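Please read the structure below before turning to the comments.
Just so it is clear, the structure is predicted and the values come from calculations on it, not from any experiment.
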Amino acid sequence: MENINIIATLFGTLITLLLSIVAYFIKQLHTDFKSMEKDLVEVKTMALIIKTEFKSGNDLLNQKVEYLEKRVKTIELTILKNQDYEK
């Protein structure tokens with residue numbers, strides 16, 4: 001009978017130890033997922049900032065191109081008018 005108690009105690013201790021190890025790794029995994037979630041939010045924020053900066057830069061570039069096109073058109077009209085007067 002005493003051997004059964006010793007074996008039961010040994011198995012109980014072993015199971016407790018194994019469950020403690022599993023709980024430790026689950027806790028570490030949970031911590032890693034939390035930090036990964038935080039990093040993911042940071043990446044999303046940075047991507048949104050980059051997207052916004054790119055869009056505003058693109059809009060500014062389009063405005064400059066339109067302005068230059070208007071200036072070229074005005075210069076072309078001026079040159080054509082001068083050529084007409086010279087004839």
Side-chain angles (χ1 to χ4, degrees):
M1 192 64 129
E2 197 173 303
N3 286 339
I4 294 175
N5 287 337
I6 293 173
I7 291 174
T9 305
L10 184 64
F11 278 126
T13 305
L14 184 63
I15 289 173
T16 303
L17 181 65
L18 290 175
L19 285 176
S20 298
I21 292 171
V22 169
Y24 172 77
F25 283 117
I26 289 175
K27 182 180 175 185
Q28 290 297 318
L29 186 64
H30 181 68
T31 304
D32 290 345
F33 273 117
K34 276 187 170 182
S35 65
M36 186 179 68
E37 182 182 14
K38 184 179 176 184
D39 291 343
L40 188 61
V41 168
E42 216 173 279
V43 167
K44 283 182 180 180
T45 304
M46 290 301 294
L48 186 61
I49 289 171
I50 291 169
K51 181 180 174 184
T52 304
E53 287 178 358
F54 179 76
K55 187 173 185 234
S56 64
N58 191 30
D59 290 343
L60 182 62
L61 189 60
N62 285 336
Q63 287 177 355
K64 287 182 179 182
V65 167
E66 287 175 10
Y67 174 72
L68 289 174
E69 284 177 348
K70 276 177 44 178
R71 283 190 64 192
V72 167
K73 193 172 190 176
T74 305
I75 292 171
E76 286 175 343
L77 288 174
T78 305
I79 290 172
L80 284 175
K81 284 182 184 179
N82 284 342
Q83 286 178 352
D84 287 342
Y85 286 132
E86 289 177 0
K87 289 182 183 181

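For Thr78, the side-chain contact (heavy atoms from CB on, under 4.5 Å) test picks out Thr74, Asn82, with sequence neighbours left out. Partners of Ile21 under the side-chain contact (heavy atoms from CB on, under 4.5 Å) rule, at least two apart in sequence or in another chain, are Leu17, Phe25. By the side-chain contact (heavy atoms from CB on, under 4.5 Å) test, Thr45 is found to be paired with Val41, Ile49, residues two or more places apart in sequence or in another chain being considered. For Leu14, the side-chain contact (heavy atoms from CB on, under 4.5 Å) test picks out Leu18, with sequence neighbours left out.
Rounding to the nearest 0.5 Å places CG of Asp32 at 10.5 Å from CG of Asp39. From Lys44, atom NZ reaches atom CG of Leu48 across 11.0 Å, with rounding to the nearest 0.5 Å.
Within the hydrophobic cluster formed by Ile, Leu, Val, Met, Phe, Trp and Tyr side chains joined at under 4.5 Å, directly or through other members, Ile26 is accompanied by Val22. Clustering of Ile, Leu, Val, Met, Phe, Trp and Tyr by side-chain heavy atoms under 4.5 Å joins Leu29 with Phe33, Met36. In the hydrophobic clustering, Leu77 connects to no other residue, as no ILVMFWY side-chain heavy atoms lie under 4.5 Å from its own. Applying the 4.5 Å side-chain rule to ILVMFWY residues, one finds Ile15 in the same cluster as Leu19.
Of the residues Thr13, Ile7, Ile6, the one that meets the side chain to side chain contact (heavy atoms under 4.5 Å, CB included) test with Thr9 is Thr13.
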Could you tabulate the donor-acceptor pairs under 3.5 Å formed by side-chain atoms of residues 55-65, not counting sequence neighbours?
residue, atom, partner, partner atom, Å
Ser56, OG, Thr52, O, 3.3
Ser56, OG, Glu53, O, 2.9
Asn62, ND2, Asn58, O, 3.4

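Atom CD of Gln28 sits in a crowded spot, with more than 12 heavy atoms from other residues, nucleotides or ligands closer than 6.0 Å.
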